[in-house]
Amino acid sequence: MKKNEKFVITINRELGSGGRTIGEKLGKALQVPFYDKALIQQLTDQYKLTVEEIERLKGQQHNWWADFKRSMMIMPNYVTPQYVGNMGAMPDFLFTDDIFETETEILKGMAEDGSCIIAGRSGFHVFRDHPNHLSILIQASMQYRIDRLLSKRDITPEEAREIIEQVDKGRENYVKEYTGTSRYDTRNYDLVITMDGHTEEEALEIILKYIG
């Protein structure tokens, strides 16, 4: 990946691995926006964005996302309160082909606007042919993930494991349905980091050294 040219970094992460926090830190280090699933859901829900509406916006503005972002005063890292309560995740089985196509167009608009980091949403697949794309997977052992959830939520270890297993299943089904591949297939990524034994700062350093 060339830092001096417009780039997109996509981060797939397992729930409880710290991947979202690492993505935020990476965005600050590279001084580029960080976007995640909650923001995209906010756009599709609150502003009723559809493929047809995006096509209309694209017809008015070559860089429709930049214009839309200015008009809506959207800031990177913005997360709506309704999504924070359920860990920023809407059940993926509720998604339809139209929603997937809409989100794909939103992601492409973000990347067209300028260099950015995008967490989740099958970004590794959407940008697989992008000329300056870095794809990262952040993962961790089940115990690491359980411990991290316990540090953030008032739940039991059993409840944490159940949440993780449900989210894992939903995300894997979503990725298989819309990309025809597995989110665990390491061939989809340029860099895979296992968080066990690493801090978030150390993971950040690994990524920055990889980028060079």
Side-chain angles (χ1 to χ4, degrees), residues 1-13 19-20 22-24 26-27 30-80 83 88-90 92 94-138 171 174-183 185 187-191 207 211:
M1 192 193 83
K2 300 177 181 178
K3 290 190 296 184
N4 59 341
E5 298 179 10
K6 186 161 61 176
F7 62 82
V8 57
I9 298 174
T10 56
I11 299 178
N12 262 54
R13 77 278 192 215
R20 186 185 187 281
I22 294 169
E24 290 179 327
L26 182 61
L30 297 176
Q31 297 184 321
V32 299
F34 169 83
Y35 301 112
D36 74 349
K37 174 159 113 173
L39 171 61
I40 299 169
Q41 289 176 355
Q42 155 81 7
L43 296 177
T44 55
D45 292 350
Q46 183 169 336
Y47 300 112
K48 310 301 181 186
L49 285 181
T50 63
V51 173
E52 291 75 16
E53 175 63 11
I54 291 174
E55 287 299 324
R56 185 187 68 80
L57 292 171
K58 288 166 69 175
Q60 295 177 348
Q61 293 283 341
H62 173 66
N63 192 339
W64 73 271
W65 168 255
D67 184 63
F68 181 82
K69 184 172 65 173
R70 284 193 296 270
S71 65
M72 295 295 106
M73 299 182 66
I74 296 171
M75 298 298 293
N77 302 319
Y78 176 72
V79 182
T80 52
Y83 293 127
M90 175 183 282
D92 286 325
L94 297 178
F95 281 72
T96 65
D97 291 350
D98 286 343
I99 293 177
F100 177 77
E101 291 175 10
T102 298
E103 291 191 344
T104 296
E105 290 302 315
I106 292 173
L107 294 180
K108 290 180 178 178
M110 291 172 170
E112 181 181 345
D113 184 35
S115 295
C116 62
I117 299 169
I118 298 172
R121 312 319 303 155
S122 301
F124 71 88
H125 177 77
V126 172
F127 296 105
R128 63 193 183 281
D129 296 323
H130 190 283
N132 202 21
H133 168 220
L134 175 64
S135 180
I136 301 172
L137 173 65
I138 306 292
R171 288 179 177 176
Y174 174 88
V175 170
K176 283 186 174 179
E177 173 71 19
Y178 293 108
T179 72
T181 186
S182 169
R183 65 195 292 262
D185 188 340
R187 291 173 296 184
N188 292 317
Y189 309 100
D190 301 299
L191 181 63
I207 297 171
I211 294 172

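Keep in mind that what you see is a predicted model, and the values were worked out from it rather than measured.
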Check: What pair of heavy atoms forms the shortest contact from Val175 to Thr181, and how long is it?
Finding: CG1-O, 3.5 Å

Margin query: Which residues pass the side chain to side chain contact (heavy atoms under 4.5 Å, CB included) test with Gln31, not counting sequence neighbours?
Written below: none

Check: Among all residues two or more places apart in sequence or in another chain, which pass the side chain to side chain contact (heavy atoms under 4.5 Å, CB included) test with Lys6?
Finding: Ser115

Notebook entry, point to check: Which atom names give the shortest non-hydrogen contact between Met1 and Leu134, and what distance separates them?
Noted result: SD-CB, 3.8 Å

Check: Closest heavy-atom contact between Arg128 and His125?
Finding: NH1-O, 2.5 Å

Margin query: Can you give me the closest heavy-atom contact between Phe34 and Arg20, atom names plus distance?
Written below: CZ-O, 3.7 Å

Note to self: Could you check whether any side-chain N or O of Asn188 sits under 3.5 Å from a backbone N or O of Ser182, counting only pairs where one atom can act as donor and the other as acceptor?
What the structure shows: yes

Item checked: With Val8 via side chain to side chain contact (heavy atoms under 4.5 Å, CB included) - residues at least two apart -> Thr10, Ala111, Cys116, Ile118, Phe127, His130, His133

Next item on the list: Output all residues satisfying side-chain hydrogen bond (donor to acceptor under 3.5 Å, both in side chains) with Asp185, sequence neighbours left out; order by chain, then residue number.
Entry: Arg187

Margin query: To the closest 0.5 Å, what do you measure between CD1 (Ile22) and CD1 (Ile11)?
Written below: 7.5 Å

Checklist line | Test salt bridge (Lys or Arg N to Asp or Glu O under 4.0 Å) applied to Lys3 - qualifying residues, sequence neighbours left out | finding: none

Check: Less than 4.0 Å between a side-chain N and a carboxylate O, is that true for Lys108 and Glu112?
Finding: no

Check: Residues two or more places apart in sequence or in another chain: which of them pass ring-ring contact (aromatic ring centres under 6.0 Å, His included) with Tyr189?
Finding: Phe124

Margin query: With side-chain contact (heavy atoms from CB on, under 4.5 Å) as the criterion, how do Leu30 and Ile211 come out once you've worked through the C-alpha distance, each side chain's angles and the decisive distance to 0.1 Å?
Written below: CA-CA 10 Å; Leu30 297 176; Ile211 294 172; 4.1 Å; yes

Checklist line | Separation of Ile136 CD1 from Leu191 CG (nearest 0.5 Å) | finding: 5.5 Å

Item checked: Spatial distance of atom CG (Leu26) from atom CD1 (Ile117) [nearest 0.5 Å] -> 3.5 Å

Margin query: Test your reading of the model: is there a side-chain donor-acceptor pair from Arg183 to the backbone of Ser122, 3.5 Å cut-off?
Written below: no

